[in-house]
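As structure tokens, the structure follows; a few thoughts come after it.
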Amino acid sequence: MIYISEEESAALVTHELAFEAAREALVAAASGHSWVFPAVLGRTQEATNTFSIKSGSSNDLTGVKIGSFWSGNPARGLPRHNSTIVLLDQHSGRLRAVIEAGKVNAYRTAAADAVAADFLARKQAKVLAIFGAGNQAGFEVMALARIRPIETVLVVARPSPRRDALVDQIGKRGLEARAILPEEAVRAADIVVTTTPSREPLFDAAWVGPGTHIVSMGSDAPGKCELPRELFPEARLFCDLLSQSVQIGEFQHVRDEIDAGLLAVTPIGDVIEKRAAGRRSDNEVTVFDSSGISLQDLYMANALIRAKASHR
């Protein structure tokens with residue numbers, strides 16, 4: 001049985017490793033030869049401590065990811081977000097690997113968004129607006145800056161030390177960064193990423209200019225909502241996995257329209273494999289719902305196992 005600790009996985013992971021693993025996972029999700037089972041969302045007696053269990057399998061991998069959010073952890077000197085990936089042996093069903101993946105999880109999520117953006121964002125995209133200043137925001141910025149010539153990052157978040165720290169962190173990576181109001185950010189942006197726990201739209205659809213690429217990353221549970229529904233009929237819609245997107249992702253709010261054929265949503269894996277078109281013109285508005293699927297975790301775990309072996 002393979003074990004990789006949090007410290008070891010954090011040392012092994014890179015944006016490059018995560019990008020390739022996410023690409024494999026998104027292709028597998030759209031292949032017809034994989035299964036992603038409904039996410040289990042739970043909490044402890046302390047209602048602010050929550051966890052999720054995401055499971056799946058493909059021709060190559062089988063396993064589960066347990067993600068947790070423990071609100072009081074910073075007072076203990078620990079991160080709020082933690083993640084553990086368990087892989088099963090494909091042939092025997094016995095335990096193959098246990099990988100602590102708290103920091104890895106942030107890379108994994110940002111990587112899927114970067115893979116999608118590589119097909120959906122304009123090649124010349126230079127201005128990125130990011131809603132939220134939590135743990136995920138910085139990872140999203142750096143993952144997207146790898147695949148597009150990002151020069152300016154507009155941070156939309158309530159005034160706080162965390163927001164100021166994020167602006168400073170981005171600036172130290174050589175990008176221009178500043179805090180800004182929502183409307184100004186969206187109107188100026190080539191790419192908009194939402195990384196919040198919001199339950200109502202964060203901006204007005206009328207602010208979105210031609211050619212903008214939009215990513216909803218924060219909608220990963222029933223009731224969460226980051227994007228205005230008015231945006232969808234005017235945009236081309238993409239997702240990591242439709243069955244999950246309409247259950248816990250951003251498209252849960254337009255499930256009836258999707259079921260009725262009024263809105264079409266394309267799995268990004270079909271775009272990667274050239275079964276469907278990505279961005280078709282510089283004027284199209286594109287939306288990617290990044291609900292976060294178990295296959296991303298399984299392929300990340302496998303990539304970390306390979307990386308560990310190559311470092312011996």
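Sequence positions, counted from 1, serve as the residue numbers for this chain. Heavy atoms only: backbone and side chains are in, while hydrogens, waters and symmetry mates are out.
Side-chain contact between T212 and V192 is present, with at least one heavy-atom pair separated by less than 4.5 Å. The shortest distance between side-chain heavy atoms of V186 and D204 does not fall below 4.5 Å. With contacts defined as side-chain heavy-atom distances shorter than 4.5 Å, the pair L181/E183 does not qualify. Contact annotation: the side chain of F238 never approaches that of V265 to less than 4.5 Å [non-hydrogen atoms, C-beta and beyond]. Two residues are said to be in side-chain contact when any heavy atoms from C-beta on lie closer than 4.5 Å; L12 and L17 fail this criterion. In this structure, the side chains of Y299 and D60 come closer than 4.5 Å at one or more pairs of heavy atoms. Using a 4.5 Å heavy-atom cutoff, the side chains of L237 and D289 are not in contact. The closest side-chain heavy-atom distance from L298 to T62 is not below 4.5 Å.
Nearest heavy atom pair, residue V271 against residue A277, reads CG2-O, 3.7 Å. The nearest pair of heavy atoms linking P79 to N73 is O-ND2, 2.9 Å. The minimum heavy-atom distance between N135 and A106, with the atom names listed, is ND2-CB, 4.1 Å. The two atoms that bring A133 and L166 nearest to each other are CA-CD2, 3.8 Å, heavy atoms only. Of all heavy-atom pairs between T84 and V98, the closest is CG2-CG1, 4.0 Å. Across every non-hydrogen atom of I248 and Q252, the tightest pair is O-NE2, 3.2 Å.
Note on V64 and M300: separate hydrophobic clusters, where clusters join Ile, Leu, Val, Met, Phe, Trp and Tyr whose side-chain heavy atoms are under 4.5 Å apart, directly or indirectly. Following chains of ILVMFWY side-chain contacts shorter than 4.5 Å, one cannot reach L120 starting from V208, and the two form parts of different hydrophobic clusters. Under the 4.5 Å side-chain contact rule for hydrophobic residues, M142 and M217 do not share a cluster. Residues I130 and L144 fall within the same hydrophobic cluster, defined by Ile, Leu, Val, Met, Phe, Trp and Tyr side chains chained together at heavy-atom separations under 4.5 Å. The hydrophobic clustering, which links ILVMFWY residues whose side-chain heavy atoms are closer than 4.5 Å, places L231 and V193 apart.
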>> D259 vs R255, test: salt bridge (charged side-chain N to carboxylate O under 4.0 Å, His left out). Steps then yes/no.
In response: CA-CA 6 Å; D259 289 344; R255 182 171 184 171; 3.8 Å; yes
>> Test side chain to side chain contact (heavy atoms under 4.5 Å, CB included) on Q169 and V141; report intermediate values, then the result.
In response: CA-CA 10 Å; Q169 171 195 338; V141 171; over 6 Å; no
> Could you go step by step and tell me if I293 and K54 meet the side chain to side chain contact (heavy atoms under 4.5 Å, CB included) rule?
Replying inline: CA-CA 7 Å; I293 57 174; K54 293 184 174 182; over 6 Å; no
>> Between E257 and R229, is the side chain to side chain contact (heavy atoms under 4.5 Å, CB included) condition met? List the steps.
In response: CA-CA 11 Å; E257 290 92 327; R229 297 183 200 184; 5.8 Å; no
>> Apply side chain to side chain contact (heavy atoms under 4.5 Å, CB included) to residues L154 and L128 and explain how you reach the verdict.
In response: CA-CA 6 Å; L154 308 174; L128 168 63; over 6 Å; no
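If you check the side chains of S58 and S34, you find no donor sitting under 3.5 Å from an acceptor. Side-chain contact annotation: E100 with Y3, donor-acceptor N/O pair under 3.5 Å present. Side-chain contact, S216 with E226: a donor N or O sits under 3.5 Å from an acceptor N or O. Using a 3.5 Å distance cut-off with no hydrogens or angles, the side chains of D240 and S291 do pair a donor with an acceptor. A side-chain donor from one of R96 and N302 sits under 3.5 Å from a side-chain acceptor of the other. Inspection of the T109 and Q136 side chains reveals no N or O donor paired with an N or O acceptor under 3.5 Å.
Take E16 and apply the side chain to side chain contact (heavy atoms under 4.5 Å, CB included) test, not counting sequence neighbours, and it matches T14, R146.
Atoms CD1 and OG, on I305 and S310 in that order, are 12.0 Å from each other to the nearest 0.5 Å. Taking CG of L241 as the start and CG of L26 as the end, the distance is 9.5 Å to the nearest 0.5 Å. Atoms CZ and CD, on R279 and E284 in that order, are 6.0 Å from each other to the nearest 0.5 Å. Note that CD of Q296 and CZ of R23 are 14.0 Å apart. Values are rounded to the nearest 0.5 Å. Considering CZ of R80 and CZ of F69, their distance stands at 5.5 Å, rounded to 0.5 Å. To the nearest 0.5 Å, atom CD1 of residue I147 and atom CZ of residue F119 are 10.0 Å apart.
For an aromatic pair to be called close, the ring centres must be under 6.0 Å apart, and F251 with F232 satisfies this. With ring centers used as reference points, F131 lies under 6.0 Å from F203. Y107 and F139 have their aromatic ring centers within a separation under 6.0 angstrom.
The pair E6-K103 fails the salt-bridge criterion, with no side-chain N (NZ, NE, NH1 or NH2) lying under 4.0 Å from an Asp/Glu carboxylate O. Between D297 and R108, at least one side-chain nitrogen of the basic residue sits less than 4.0 Å from a carboxylate oxygen of the acidic one, meeting the salt-bridge criterion. The pair K172-D168 does not count as a salt bridge, with every side-chain nitrogen at least 4.0 angstrom from each carboxylate oxygen. Look at D190 and R148 and you find no salt bridge, because none of the NZ, NE, NH1 or NH2 atoms lies under 4.0 Å from a carboxylate O. Under a 4.0 Å N-O distance rule, the pair R178/E176 qualifies as a salt bridge.
Looking at S245, its side chain never comes within 3.5 Å of a backbone N or O of L242 through a donor-acceptor pair. The closest donor-acceptor contact from the side chain of Q244 to the backbone of G292 lies under 3.5 Å. For N49 (side chain) and S71 (main-chain N/O), a donor-acceptor pair under 3.5 Å exists by modelled atom type. In terms of modelled atom types and a separation under 3.5 Å, the side chain of H253 and the main chain of K224 share a donor-acceptor contact. Counting only distance, with no hydrogens or angles, the side chain of R275 and the backbone of A30 share a donor-acceptor pair below 3.5 Å. Of the possible polar contacts, one joining the T194 side chain to the V215 backbone as a donor-acceptor pair under 3.5 Å is found.
The local environment of CZ in R173 is sparse, with at most 12 non-hydrogen atoms from other residues, nucleotides or ligands closer than 6.0 Å. At most 12 non-hydrogen atoms from other residues, nucleotides or ligands lie less than 6.0 angstrom from CD of E200.
Tested against K65 for a side chain to side chain contact (heavy atoms under 4.5 Å, CB included), the candidates L295, I85, I99 yield a single pass: I85.
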